[in-house]
Amino acid sequence: MEQKRMLIGGEWVEAGSGEWSDNLNPHSGEVICQVPSATVEDVDRAVEAAHKAYYETWREIHPADRAKLMFKLADAIDECADDIARMETADMGKPYNQSSGDVPATADIFRFYAGIADKIEGECLVTPAKTFGYTLHEPFGVVASITPWNFPVVMIGMKGAPALAAGNCTIFKPASSSPSTALELGRLATEVGFPPGVVQVITGEGGAMGSRLAGHPLVGKVTFTGSTAVGRKILEASINNIAKVTLELGGKTANIVLPDADMDMAVAAAARTIFLNCGQICTAGSRLLLHESIKDEFLAKLIPLAESLKVGDPFDEATKLGPISSKQQYDTVLSYIDTGKSEGATLLTGGSGPDDPALAHGFYVSPTIFGDVTADMTIAQEEIFGPVLSVTTFKDEDEAVEIANGTDYGLAAALWTRDVSAVHNLAARLEAGIVWVNCTNIFGPWMPYGGYKVSGLGFEAGIEGLKEFTRVKTVLIDTTDTPTTWPTE
Ligand code: NAD
């Protein structure tokens, strides 16, 4: 059994406790490798190594030289792209044809932020006479980057690239069920010359170790992507260090189709947004809101399309949906399907895994669509994070907005119409950090996003996302050489 070590202070190490956790392949249910189960003491070692690296090495390196290292890392990722994509697919079940797109996208995230690393400028302030003032955007020093399992390698880019570009050292804590690609990027970062302690990777279950990382007194910034429940724990932990926290959390995206929409485009997108990555996307369009006049025609096209998507071995080129990433998440998805049925929604297709003996040991769920879903049902309110779509109808735009805004989440929404007035009116009224119009799930490092309501805090990506990794210092200089006086003098 392969045992992968974690990266602390430039060394590949086991957990202090000597304990390991199994990493399962969700297709076969077999253990692929083991990774160290880091303890609170391991976290302390990593944070101290990052703190030392920041003060002794990293902050002395000119931003242009930081950028060169990041460009080298991007090239190294591209050179190993196939190996990394295979690791990702084996770890979390994402079809290889999708993982192989995620890896070059990750390299490009590092390039995007490398290009900005030497352009992070402060401002010259308009100050009182005979004084001079300016601001600096300084790094925090040590950043904790805690990531989920749905886009493991992309998440390392989305958090690591802006953190490093802004001059921080970063400690990655990937999800316990998909740690391999984070460890691989740690290896590449070491190989291309990042000084020891600047990039580190610790592995294992979140829990006590994750809370220690988020709340460690030497951690100045925590960037977290994951569930809202764990996001709340991160905030609790950060009471300890008053770290700046960015949270990218769960969602329940409403995908709203008005009667004038291009139906074929909207049907194809409705399937893609919920079934891509097996529905394990925070912005998956898990609620399809159809105008009542188009429901029957829309579903007559959508259901056969969903049934035509190949569910199977993620290394098969024809596969569109691989297994759910872990047994625990598989059980969660099945339990939501039971809840949908018991609360009175109509199962239109799917509901279980395909009847294929070759997939019997994997965590498979076929594309599932529920009709007659009312806005108050559990499957319309809670994030399922699987290939399960709820279909609800609305009679007019007011009702569409009411339903769309009627959950605790506010991550994203999508809208299908050619009516420019409806676009502006609805985009303004939807409580969501992203509103896609006639498209869904387009992302890139150029596009800042952040959830409304319980979907998040702060921003990721874009220049807004980079600023989250800096703190502002003001420098004010008195040029007069006159003694300071009291206000009344
Ligand atoms: P999760 O919240 O269970 O875990 C996320 C990470 O937090 C993992 O690395 C986990 O080990 C760690 N963790 C667990 N407990 C912790 C604790 N007490 N302290 C610190 N860290 C801890 O999420 P998941 O199941 O891996 O991912 C799915 C969730 O992520 C979904 O809710 C999804 O919507 C969300 N997500 C959001 C975005 C976004 O941009 N908003 C993107 C992707 C995924």
Side-chain angles (χ1 to χ4, degrees), residues 94 146-152 154-155 158-159 175 223-235 245-257 269-289 324-325 329 332-333 336 340 368 370 373 375-392 400-416 426-427 429-437 439-444 447-462 464-465:
K94 180 184 302 231
I146 304 176
T147 55
W149 44 257
N150 60 338
F151 282 86
V154 173
M155 290 289 162
M158 291 307 271
K159 302 199 174 300
T223 173
F224 171 81
T225 298
S227 61
T228 297
V230 176
R232 290 194 165 104
K233 289 187 184 159
I234 300 281
L235 277 182
V245 175
T246 303
L247 302 175
E248 294 297 338
L249 307 175
K252 196 73 191 169
T253 295
N255 188 24
I256 305 167
V257 189
R272 189 176 181 279
T273 179
I274 184 62
F275 300 132
L276 184 73
N277 206 27
C278 234
Q280 300 165 120
I281 301 182
C282 52
T283 51
S286 53
R287 292 184 297 153
L288 177 62
L289 272 51
I324 301 283
S325 186
Q329 183 60 18
T332 302
V333 172
Y336 274 114
T368 298
F370 278 105
V373 177
D376 58 339
M377 286 183 184
T378 306
I379 57 169
Q381 286 293 324
E382 296 185 10
E383 184 183 50
I384 300 175
F385 224 57
V388 182
L389 178 64
S390 301
V391 183
T392 305
V401 170
E402 190 185 325
I403 297 170
N405 290 344
T407 76
D408 292 339
Y409 293 109
L411 193 57
L415 181 60
W416 296 84
L426 289 178
R429 294 170 70 195
L430 288 168
E431 301 230 331
I434 304 171
V435 178
W436 283 293
V437 180
C439 59
T440 57
N441 278 316
I442 294 179
F443 283 107
M447 178 183 142
Y449 57 89
Y452 280 24
K453 302 195 282 185
V454 303
S455 287
L457 184 65
F459 287 95
E460 189 140 281
E464 291 300 327

Counting distance only, does the side-chain N/O of [X] pair as donor-acceptor with the main-chain N or O of [Y] below 3.5 Å?
X: Trp416; Y: Val437; result: no
X: Gln280; Y: Ser325; result: yes
X: Ser455; Y: Gly410; result: yes
X: Lys94; Y: Asn150; result: yes
X: Gln381; Y: Thr378; result: no
X: Thr253; Y: Ala413; result: no
X: Arg287; Y: Ala404; result: yes
X: Glu460; Y: Gly450; result: no
X: Thr392; Y: Leu289; result: no

Pairwise side-chain contact, Val333 with Val388, heavy-atom cut-off 4.5 Å (strictly under): yes
Please report the C-alpha distance between Thr228 and Tyr409 in whole Å, then the side-chain angles of each, then the deciding distance to 0.1 Å, and finally whether the side-chain contact (heavy atoms from CB on, under 4.5 Å) criterion is met. CA-CA 9 Å; Thr228 297; Tyr409 293 109; 3.5 Å; yes
Does the side-chain contact (heavy atoms from CB on, under 4.5 Å) test come out yes or no for Phe370 and Leu389, once each step is laid out? CA-CA 6 Å; Phe370 278 105; Leu389 178 64; over 6 Å; no
Under 6.0 Å from the CZ atom of Arg429, do we count more than 12 heavy atoms belonging to anything else shown? yes
Let's go through Val373 and Val391 carefully: what are the C-alpha distance in whole Å and the side-chain angles of both, what is the deciding distance for side-chain contact (heavy atoms from CB on, under 4.5 Å) to 0.1 Å, and is it a yes or a no? CA-CA 6 Å; Val373 177; Val391 183; 5.5 Å; no
In terms of side-chain heavy atoms, does Thr407 have a donor or acceptor partner in Lys252 at a distance below 3.5 Å? no
